[in-house]
Every structure is written in structure tokens, then in C-alpha cells.
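What you see below is based on every heavy atom in this structure, not just the backbone, and it leaves out hydrogens, waters and symmetry mates. Residue numbers begin at 1 in each chain, while the letters A, B, ... track the order of the sequences.
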Protein chains: 2
Amino acid sequence: MSLISEINEQPKRLESLLSAQRKTVDKIAQAIRTRDIEYVFLAARGTSDNAGRYANYLWGALNQLPIALATPSLFTYYQKPPRLRNALVMGISQSGQSPDIVSVLEEGKRQNCLTLAITNEPNSPLAKTADFVLDIQTGPELAVAATKTYTAELMAIAMLSVAMSGDKAQWKVLGKVAGWAKEVLKQNERIEQFAQRYRYMRQCVVLGRGYNYSTAFEWALKLKELTYVEAEPYSSADFQHGPIAMIENSFPVMAVAPEGRVFETMKRALAHLRNDFGAELVVVSNNKDALALAQTPLSIPKEIPEWLTPLVSIIPAQLFAYHLTLAKGFDSEKPRSIRKVTETK
Amino acid sequence: MSLISEINEQPKRLESLLSAQRKTVDKIAQAIRTRDIEYVFLAARGTSDNAGRYANYLWGALNQLPIALATPSLFTYYQKPPRLRNALVMGISQSGQSPDIVSVLEEGKRQNCLTLAITNEPNSPLAKTADFVLDIQTGPELAVAATKTYTAELMAIAMLSVAMSGDKAQWKVLGKVAGWAKEVLKQNERIEQFAQRYRYMRQCVVLGRGYNYSTAFEWALKLKELTYVEAEPYSSADFQHGPIAMIENSFPVMAVAPEGRVFETMKRALAHLRNDFGAELVVVSNNKDALALAQTPLSIPKEIPEWLTPLVSIIPAQLFAYHLTLAKGFDSEKPRSIRKVTETK
């Protein structure tokens, strides 16, 4: 039963990460300022790549830092790495083992860039390569499907954002995240009941936008890994550029739509899907109108500021994926065909 | 019948683009050199975004230029655009109409960046905003599903790569693309027969890597838009980080696997899927071993250099999607729920 216990550990892990790593984070932010970084060059795969999507929006909106996603095969197969002038070269990896991610950081070093590893393994090859290591210190993650390392990676990214911005008041807001996470976990039984309805679901789409584009990807990944549902993530904008054609009556759409700057456009998209297409909606939100549009409403606390919603909104989605796994009669601890560390090149 | 005629127009359009725009492309490459560009900041959606994926690999491998994908909602909703020092800010859009893509270029201008529009509409808002316009001049595209504008965008990107590299011998190689495209179009009837087998396919995945990561995304998009199949694109590396768990016996996997640097890893992945998972394979390749692994082999000419394979390998995929649309009894000219110009913000 390690998956559900790791999901439940999250508030505690987020709290201790925040207090233990603040000094390291301040040091890293200082180094970024000193080096006059122009953009971030980011390497990550799987769940950590989804954490990178959060960094893409958060650091873009709050720190004005553009992020270029590394295409690791340029480093491993094509052997012609890009020029990385004035870039912060960053790798995110739970295990710190993936050779392709390590090779991106090695190249960053070769080109004299500032390098940063965000990892759960401070003795891993990735950590050993980097100038700075931000240890997300969640303790061993035994379940194959990553949960607590994902929210810890998001917290690490949010801490770095606050430290780079120099807005010290925001540290206090970060301190509230663990409490919100605890609040959401109380819905466990309700979500178990909700999940039954999707026992025979074979495919779905997952929509999110802005900060929660990351949540849509991570929710879809958990559904694929654990429940074998073909769940495809989209920004609600891209979805309208073609894929919306797939939607038929009763097609299931998962959506992450907390209040904030992209809320109105998300709500319009959901109303359109429900009213004009007869879609089935599973909605994570803290807005009652958005929740009222859903057959399955998953609520999160009202007061979370938009930039921190991804740290909380993924939790009901994790519980949903977990309970759907059990409802479908699958093994939540041993998803077929995948291993914890995937050594892609 | 505009879709099939636009697919068939591609050789002619590629040829005329290459000869008509070479001077403009040289001028743009000159401007990029003069401005000492450190990275590209790219805005695009839908099919044009898939063309951007090609630029990401091609310009990375051949021109050492990193590419950061713009997150347009940072410009339209969050209103805190990133700092864009030393970036080439580039928009790719068939229509040149999407307000979010235009707003990224406007911001680039405001920050004194070099701006470039790749578009089929030289009088569009996007073109009017940019310092340089590369007109892909395919003539009006009437079918809702984009085909000839996609290959023209890829050609524009390949031309820019050659011009930036200064390797003049490569212009001659570009001149061969139209002939290869013509070669592939001859398989039309064979592909029509192949498509029948997938009449009742509801979902599939589409795999590609490196340069043809773009092809996987574009093939999946055509399947979704035209045939309503839930087709999810992956790099074969990311696929092994979780989603492979979805694969069951006879699950259909489309793959783009021409010879080149990533061929061996793609071939291993395909053999694994076929032999260990019993997957159904539809493979675009110019290698006989890869084609032999497939129930449905779609061949392309042997001699295409890897960096140009995306311009050719999408064509059998377009024909496959077109004939599957007819086999399923759908209207190839009027896919449900989508319009030619999607004005997302």
C-alpha cells in the first residue's frame, strides 16, 4: 500500500522541504542573479517534465524568465548540442539517474553555464554533475507512480520563484500549502465513490491552462500509468485547434479549472463541452459555477492563489487515479510494463 | 475534394517555394547573424506548432540554436511577458490571424527583438507585425485539415537552416525534396487498401523521435481532426516513462522510423512492442527491417537524408488519415467542430 501512503505523506513532506531548503534556495537565486541568466534550458522526462511545465509558466509570469525545453536526443544521438550562452541549465529527476538528463547538464558545464539539479537523490549522477543541488528530500518513493516527488518538485520550483523575485512576503503564503493539501486529502472517501462511475472508461482528455497545464499533463500520466486509460492532456486553447472534433456525446473530459486569470476561458470551454457536446465532466476547481458544470466535482480550498493551485489541484487527481485503479481491479503498486527508473538515452 | 488535391499539390508547392523565397531566406539568415541571436522564442499552435517541433530539432542539431516555446497565455492572460534579450521572436501561422500568436510578436517588437513571421498570408496581422515575413505561398488552403501548408512550413524551416549554416551545397539537396514527395504520392492506392484494416480503430499512439517527433505529432493531429480516432503522439523515449503501460495485445501503434541517428533505438522499441506486447504496427520507414516489423508498412525513398525525412514521411501519413476518414464514412472536407482559423487568446 505504498502509493496511497505516499499520497497521504504529501502535506508533511511539503512542510519539511519548505523549512529545510530555504537557505539553499536563497543561495541558488543569488547565483542566478549574479550570473545574469537570460533563459533556462531545462531537461526532464515523465513526471519531472510535468513539473518543468509549471516552471515554464511560473518563472515566465513571476520572474520573466523564458524556458527552453531541452531535446535530450540532440545531446545523446545527434551529438551536436546547442550553444547555451547565458542559460541556466537545469535538470529535474526524481532518481537523478537518466543518462540523457545527465548529459544535458554535462554539456552545460562544458559550456560554462550555471547548472542546477532538482532531485530526490543528492548522491545521484545528476546531482554530482550540477553546480547546485536542490534536494527535494521526500524520502524513498516506493510506488512506481510518482506522487510525493511531483508535488515536492513543484514546491522546489515555487520556492525558487519566490527567492528570485525577492518578495519575502510570499514565503508565508508558501507556508500555507501543506494545510491546503491536508484539507484536500480529507475527501479521500468521497473521491473513492466518485471513481466507481468511471470503471469502464477507456479513454478521456484532460484539460488545463496556464499554471495548471502541468496538472493536466500529470493527471493524464497517472491515469495512463495506473489505470491504462488513454488519457490525453491538452491546453484548452490547443484542444480547440482540431482535437475537439473527437468529442462525442458522453465523452469524458477531466479539467483543472481553479479561479484565476485563465478561469473565465476555461469555464466557457467547459460550458461549451457540456452543453453543446454532451461531454461528461470531471472538474477540479474552487469555483462553484465550474464545479456545478461537472458530473463529478472535485473541490479544492477557495483561498489558494492561482500560482500555487498546481501544488494542491493534483492531489484530488492522484486520489481519483488511485481509486479508479482499484475499481478497475488493477495493482496500484505494480503497474504493468514500467519501472521506477527508466534509463532512456 | 479539396483535401486530396491539396495533398497532391505538395511537390509543386515545395518546388516553387524553394525557388521563389531563397533570396528572402538569405536576407533573414543575414539579419540573424548580424543580431547575434542566442535563442529562438517561438509561438505557434496546432499544425504550425508541429512545424515548430521540427525547427526545435533541426536548428538545434544543424545550427546550434536553442528554441524556447512561447506559452502564449503568459502574454494574453497573465500579462507579464518574459524578458526576451537576444532572442529571435518567431511566429508560425498559416492564416496569420491568431491573436495570441500576434501578441507574442508584438511583445518581441516592444522589447526590440528581431521578429519573423512564417505564414501563408503576407497581409495578415502576424505578417504586418514582423520585421521579416517568409511567405510559404502555397495558395489558398481550403480543406480544414492543413496538409500543404505544413510541408511548406517545414520547407521554410529547412531553408532557413541551410541559409544560417552557410553550407551552400545543401540547397541542391533541398531541390530533391519535391521529387521524393512525388514518389511517395504514387502509393495512394496501396495506402487506400491498407487503411481499410483500421475502419474500427478507436484509439492509437503515434511514435517518433528526433526530427520526426514533429511527424508523430502531425500524424496524430490529422487522425484526430479527420477520423476522430484518439491518437496520442509520443517520443519513443517518453513513451517508456509510463504510457507504455496502456499497450495491450493488438493495440495499434503508428511509428515514423526512417534511417538515421535515432533509427536503432526506434527499431528496438518497435521490435519490443511487436514481439513482447503483440502491438499492431503501422510504420513509415525507408529501412526494410523496420518495414518488415509492421503489419502495415508505408515506405519512403531510401536516399532521403535524415534531416529532411519529416518533409516526406508525413505524406503517407496524410494519405493514411485521408483514406481512413473515407473508410469510416466521415466527410474529409468538413470535420465536425473545427474551423480553419481558430481565434484563441
Applying side chain to side chain donor-acceptor pair (under 3.5 Å) to A:Arg274 and not counting sequence neighbours gives none
So, the part of B:Ser235 with a heavy atom under 4.5 Å from chain A: the answer is side chain
The reported gap from CD in A:Glu38 to CD in B:Glu38 (rounded to nearest 0.5 angstrom) is 4.5 Å
Interatomic distance, CD1@A:Ile247 vs NZ@B:Lys224, rounded to 0.5 Å, equals 11.0 Å
With sequence neighbours left out, the residues meeting side-chain contact (heavy atoms from CB on, under 4.5 Å) with A:Leu62 are A:Leu58, A:Ser161, A:Tyr211, A:Trp307, B:Lys80
Honestly, the part of B:Asn63 sitting under 4.5 Å from a heavy atom of chain A is backbone
The interface call for B:Phe251 against chain A, heavy-atom contacts under 4.5 Å, is side chain
Most heavy-atom pairs under 4.5 Å with chain A, out of B:Ala220, B:Gly260, B:Gly210, belong to B:Gly210
So, the part of A:Tyr234 with a heavy atom under 4.5 Å from chain B: the answer is side chain
- Query: Hey, mind stepping through B:Tyr228 and A:Glu248 against side chain to side chain contact (heavy atoms under 4.5 Å, CB included) and telling me if it holds?
  - Reply: CA-CA 9 Å; B:Tyr228 317 130; A:Glu248 298 169 305; over 6 Å; no
When the 4.5 angstrom heavy-atom criterion is applied to B:Tyr39 and chain A, the contacting part is side chain
If one checks every heavy atom of B:Pro66 against chain A at 4.5 Å, the contacting part turns out to be both
The interface call for B:Glu264 against chain A, heavy-atom contacts under 4.5 Å, is neither
Correct closest heavy-atom pair for B:Asn56 and A:Leu69 would be ND2-O, 4.5 Å
The interface call for B:Ala87 against chain A, heavy-atom contacts under 4.5 Å, is neither
Between A:Arg85 and B:Ile37, the two heavy atoms sitting closest are NH2-O, 4.0 Å
Turns out that what part of B:Val229 lies under 4.5 Å from chain A's heavy atoms comes down to backbone
In this structure, CD of B:Gln64 is separated from CD of A:Gln111 (nearest 0.5 Å) by 9.0 Å
Under 4.5 Å to a heavy atom of chain B? For A:Ala231 that would be backbone
Can you establish whether the number of heavy atoms outside A:Arg33 located under 6.0 Å from its atom CZ is more than 12?
-> yes
